[in-house]
**Student:** 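Here it is, the structure in full.
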Amino acid sequence: MWAVDAFDVSVVLVLALIALSAVVIVIAALARGGGEVGGWEVRGAWPRVRAVARVTLAEAVRMKIVVVFLVLLAGTLPLLCLTARGDGTIRGQVQMFIGYAIGLTGFYLALLTIFFSSRTLAAEIASRQIFGLVSKPVPRWQILAGKWLGIMTLNALMVAMALGVTYGGVRWLVGRFERELAAELVHRGGLTRDQAEGGINAIRRPVSPAREAATNPVIAALAGSLGWSDDQTVELLLRLPEPTRMNLRRLNELRRQVLVARASIQPDAPDLRNEVEERFELLRQQGRLPTSPHWTPDKVREEIRLSLLNEHLSLPPMRARQWVLKGPPPVSGEDRLVSVRYKLDASIYTGEAALIDGSVLPENTLATRWIIGDPAKGGTFGVVRIEINRAFHEIDVPPHCVEPDGTVFVRLENIDPRRVDIVVPLGEGLEVLYRVASFERNLARAAPALLVPLALLASFGLLMSTFCTYPVAAMVTLSLFAVANSRAFLSEALYIAPYQASPTTLIGRDALRAKLTTTLFDVLSTGKLDPANKTLDGRAIGWAELGREAGTVAGLRGGASLFLAVLILRRRELAAEIV
Amino acid sequence: MIAPSARSPVVECAALTKVFQDFWGRGRVRAVDDLELSILPGEVFGLLGPNGSGKTTTIKMLLGLLYPTRGYARVFDRPPTDTRVKAHIGFMPEESYLYRFLNAHETLDYYGRLFRLDRRERRRRTEQLIQMVGLRGAARRAVGEYSKGMARRIGLAQALINDPDLLILDEPTTGLDPIGARQIKDLIRELARRGKTVLLCSHLLADVEDVCDRVAIMYGGRRQALGRVRDLLSRQDVTQIRATQLDERTVARLRAIIESEAGRRVLAVEHPTQRLEDLFLSIVEQAERDRLATSGVEAARGVSEFLSAGPPGGGAELLETLVAAGQDDVSAAARPEEAVETRPTPVPRFEVLEQLTTEEHAAAFAAPEDRPSGPADETETEDAGGPRPIRLPPGPAPRRDVLERLTQPDEQQSEPQA
């Protein structure tokens, strides 16, 4: 039964309207004779394209558009830097600043690109300045290419400036923290200024993992820098107040987990097809398959799969699970820092609990034991953690626990006495992280990542402006941007597809709806790169990923928009008035 | 690259029509209607017409800014939308369509780059052009700050940056002071001398008359007249004898000879003042009288009927107005065919004039005589002070004896003979 509802009616109406307009426009364009003749030569194009790009850049700068956005960025970023709080820790501060700085940069520049790309051609046509351009031997595709290049040059300069300010802000925040910490070491720890600063600097550099494995990274760093033994260093630390010790640890975390670029390896999603079939067969034999026509065999299988998945992901009390993760590629020579990162989910809220030895398990925590390393070989690394539920935590893996081929064995034991099920979600539930680049390098890679969606917006803005006036072109491009950015929200709001359902199980109207809207979102999307979140999380922006996104978003979709723009501009009577 | 060939027309329009449509595709404005035009290399061609007659639309079609509805236009034997053609064209638009945020130097440099001039050449031409148009002092100011005259000068400079073979000027002298206007005219003449072709579009008829070789006059999108300026402006039904200053007695004697012996009327004895403006107006008036369609402005015509003094007149009053108009109301049909191509007009109302002639005049009209050769030659060589030779209509020719009388030296005359 396919009951027609308002969604279907509106989709049909919108599609019909778009199709009708497209047909009318195309027929009108083809019926009218004329259009640019020739002009497709590529030889000799570069000087003209460059000339148009220069003037476009000059327009942006001298017409004060750029100044407005410069002031916005240059004003907001330092302000953010000064007011960032996060969760109060230095890590929270830095992460919040990086996240907002890069996010705002992307947002402001998207707005700048939208408005400027919609305006530059449309205003030139409306004010007839284009007569001067078109009466010269410049093919119209070169005009568009030049304008696009000018816009992207502007964006590149603004991105470079914004990332520079972001980097400066991060250094300032961390530097201030380190100075305060050094002062503490001097006043409370009795160190000289040089010793204190040396010690802080040592924490910044990743020390040999072998050394760190023996003791604590902070102790190792300080001992190495001061030239003291471990015991002496521990004594020093005990002299310091607890907050200072916390800060030292936090600085260490900041340096190793945030201000770094790391690649991640996650366990594969389990292939449950055989189990699903077995269970299905079992149910069928027992005659317990649902009889209502609503439950097709595919739907039943999906339900079975979901419940098996849940079983697979959750860890009952006093149980353990082992993962074998194909870890980082082996690196000869230098030691590599590897860590295991996880975010567990207790099925219920855990209240306070008292243990037999008198200590108390705080509320909303989980008690777990982690054992890393191949159990068959011995020499594993084990640690007990009592940590906040539903938060990210990390364990540094000693190098001897990583197999020569890079495999990492991870075992999780649910030792919480409160008898809760622990769920290890897919995706961010468990992963192995290893460092591939520095923070600076990652930040540099954030630049092209930011430019990819801007390239698409510029192409689309130019396309709209070839046949619309500036306000209309800007509005349509802005809508595209808004839709692309609210994909998650819109999917949920429109109830496009039931949560976690795989597309094969949807039938009829639901399947069509899901397909339509996912296709629409894919076409309108401005890319999946998320430089803000990646950088603040210390995750590397990979070249392969970057290349892929640049190819599909900027290259394919942006290129298609520009090509269409060229076709339209070639046919357009530039002196005809649009009323 | 296209090399314009020697004598093929630089610009050619055949049945060129442009109908502007509204959003729904209905034809709204017939801006150019069936235009035939041919501009030869090296000539200065003027395109005239009242506002809305289709001049600028024609130019835009020649530049590929508009596409013809029917017919075609060709520039250097290629369609106007061919980008290669534009390398040989310079266009000075009516309004300043320049980038407000660039200064004069940067504007010319930009356009120079679009023509792929190398840096040295660009710089050289930019300097020379800025000097030529007199903007040296303001070369580094943004064009947006320029006065209208200055903007037009830089507009002219950018039209010349590529040393074009065809220069299209839309209202070149508008907005310029007299010095600038004179400069432009001199420039046009100089360019023509160098073999460039110039297409000029203007309302300032005096300027067009000064520089153009040929003109086309448009009204309502159609070409109303086309020909050499000289030919268009000559009037065949009137003989004009230009002499150096004559005294009253001589004038009276001439008048007597013409009226009594030759049987002709002396229309006027005065210092010559005919200008292109009169021709222009007469054509527009004719067109309006014929109620030709136009989408542009119609010339203002006198005072509304209910406001003018006295009742509307009949034939006699018509006569009065026609006679009193003097040099107005030229009959278009009276011009010789070979010198001028004119739109064939419907039956002119100037038949009234013919009916007004006396019997003896009618006889003279009815019996055309051969053109006299000898005295005519003499007459034509009498050329003191540079007046034009007398042209005689092929129709009713003046009698030989009359001419002899006119050209005989009088004792009273003091001027030297040619």
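Convention: sequence-line order gives letters A, B, ...; per-chain numbering from 1. Keep in mind that the numbers below use all heavy atoms, side chains included, and drop hydrogens, waters and symmetry copies.
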**Student:** Are side-chain heavy atoms of Phe115(B) and Pro137(A) found at a separation under 4.5 Å?
**Tutor:**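 With C-beta onward as the side chain, the pair touches.
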**Student:** With heavy-atom distances below 4.5 Å as the criterion, would you say the side chains of Glu59(A) and Tyr99(B) are in contact?
**Tutor:**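 No, too far: nothing below the 4.5 Å cut-off.
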**Student:** For Val37(A) versus Pro79(B), what's the shortest heavy-atom pair and its separation?
**Tutor:**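 Residues Val37(A) and Pro79(B), closest heavy atoms: CG2-CG, 4.1 Å.
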**Student:** Using modelled atom types and a 3.5 Å cut-off, is there a donor and acceptor pairing between side-chain atoms of Arg113(B) and backbone atoms of Ala51(A)?
**Tutor:**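 Not a single qualifying donor-acceptor pair exists.
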**Student:** Side-chain contact, heavy-atom cut-off 4.5 Å: Lys60(B) with Phe131(A)?
**Tutor:**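 Yes. Closest side-chain heavy atoms under 4.5 Å.
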**Student:** Against chain B, work out which of Gly39(A), Pro139(A), Ser127(A), Gly44(A) has the most heavy-atom pairs shorter than 4.5 Å and name it.
**Tutor:**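 Highest number of heavy-atom pairs under 4.5 Å: Gly44(A).
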**Student:** Quick one: closest heavy-atom pair of Gly35(A) and Thr81(B), and the distance?
**Tutor:**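 Of all heavy-atom pairs spanning Gly35(A) and Thr81(B), the closest is O-OG1, 3.0 Å.
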**Student:** Tell me, side chain or backbone of Gln142(A) under 4.5 Å from chain B's heavy atoms, or both, or neither?
**Tutor:**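 Neither part.
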**Student:** To check you understand the geometry: which heavy-atom pair defines the closest contact between Arg571(A) and Tyr67(B), and what is its length?
**Tutor:**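 Shortest heavy-atom contact: O-CE1, 3.0 Å.
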**Student:** Please flag which part of Glu95(B) lies under 4.5 Å from any non-hydrogen atom of chain A: side chain, backbone, both or neither.
**Tutor:**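 Nothing of Glu95(B), per the 4.5 Å heavy-atom cut-off to chain A.
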**Student:** Are side-chain heavy atoms of Tyr110(B) and Val52(A) found at a separation under 4.5 Å?
**Tutor:**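 Side chain of Tyr110(B) against side chain of Val52(A), heavy atoms only: contact under 4.5 Å found.
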**Student:** Can you tell me which portion of Arg140(A) sits under 4.5 Å from chain B's heavy atoms? Options are side chain, backbone, both or neither.
**Tutor:**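 Arg140(A) touches chain B through side-chain heavy atoms alone.
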**Student:** Hey, are the side chains of Val134(A) and Phe91(B) touching, using non-hydrogen atoms and a 4.5 Å cut-off?
**Tutor:**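 SC-SC contact between Val134(A) and Phe91(B) ruled out.
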**Student:** For a quick test of reading the model, state the closest non-hydrogen atom pair linking Arg116(B) to Pro47(A) and the distance between them.
**Tutor:**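 Where Arg116(B) meets Pro47(A) most closely, the heavy atoms are CD-CG, 4.2 Å.
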**Student:** Which residue out of Thr69(B), Leu65(B), Asp109(B), Thr83(B) racks up the most heavy-atom pairs below 4.5 Å with chain A?
**Tutor:**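 Top option by heavy-atom pairs under 4.5 Å: Leu65(B).
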**Student:** Assess the residue pair Glu106(B) and Val55(A) against the criterion (side-chain contact (heavy atoms from CB on, under 4.5 Å)); give the C-alpha distance rounded to whole Å, side-chain angles, the decisive distance to 0.1 Å, and a yes or no.
**Tutor:** CA-CA 9 Å; Glu106(B) 290 166 341; Val55(A) 169; over 6 Å; no
**Student:** Tell me the closest heavy-atom pair linking Arg100(B) and Gln129(A), and the distance in Å.
**Tutor:**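 Heavy atoms of Arg100(B) and Gln129(A) come nearest at N-NE2, 4.1 Å.
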**Student:** For Leu114(B), is it the side chain, the backbone, both or neither that has a heavy atom under 4.5 Å from a heavy atom of chain A?
**Tutor:**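 Interface part for Leu114(B): both.
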**Student:** What residue in Arg48(A), Arg50(A), Glu41(A), Arg570(A) has the most heavy-atom pairs under 4.5 Å with chain B?
**Tutor:**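 It is Arg48(A).
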**Student:** Atom CD1 in Ile59(B), atom OG in Ser135(A): separation rounded to 0.5 Å?
**Tutor:**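 Result: 12.0 Å between the selected atoms.
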**Student:** With side chains defined as the heavy atoms from C-beta onward, is the minimum distance between Glu94(B) and Arg128(A) less than 4.5 Å?
**Tutor:**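 No, too far: nothing below the 4.5 Å cut-off.
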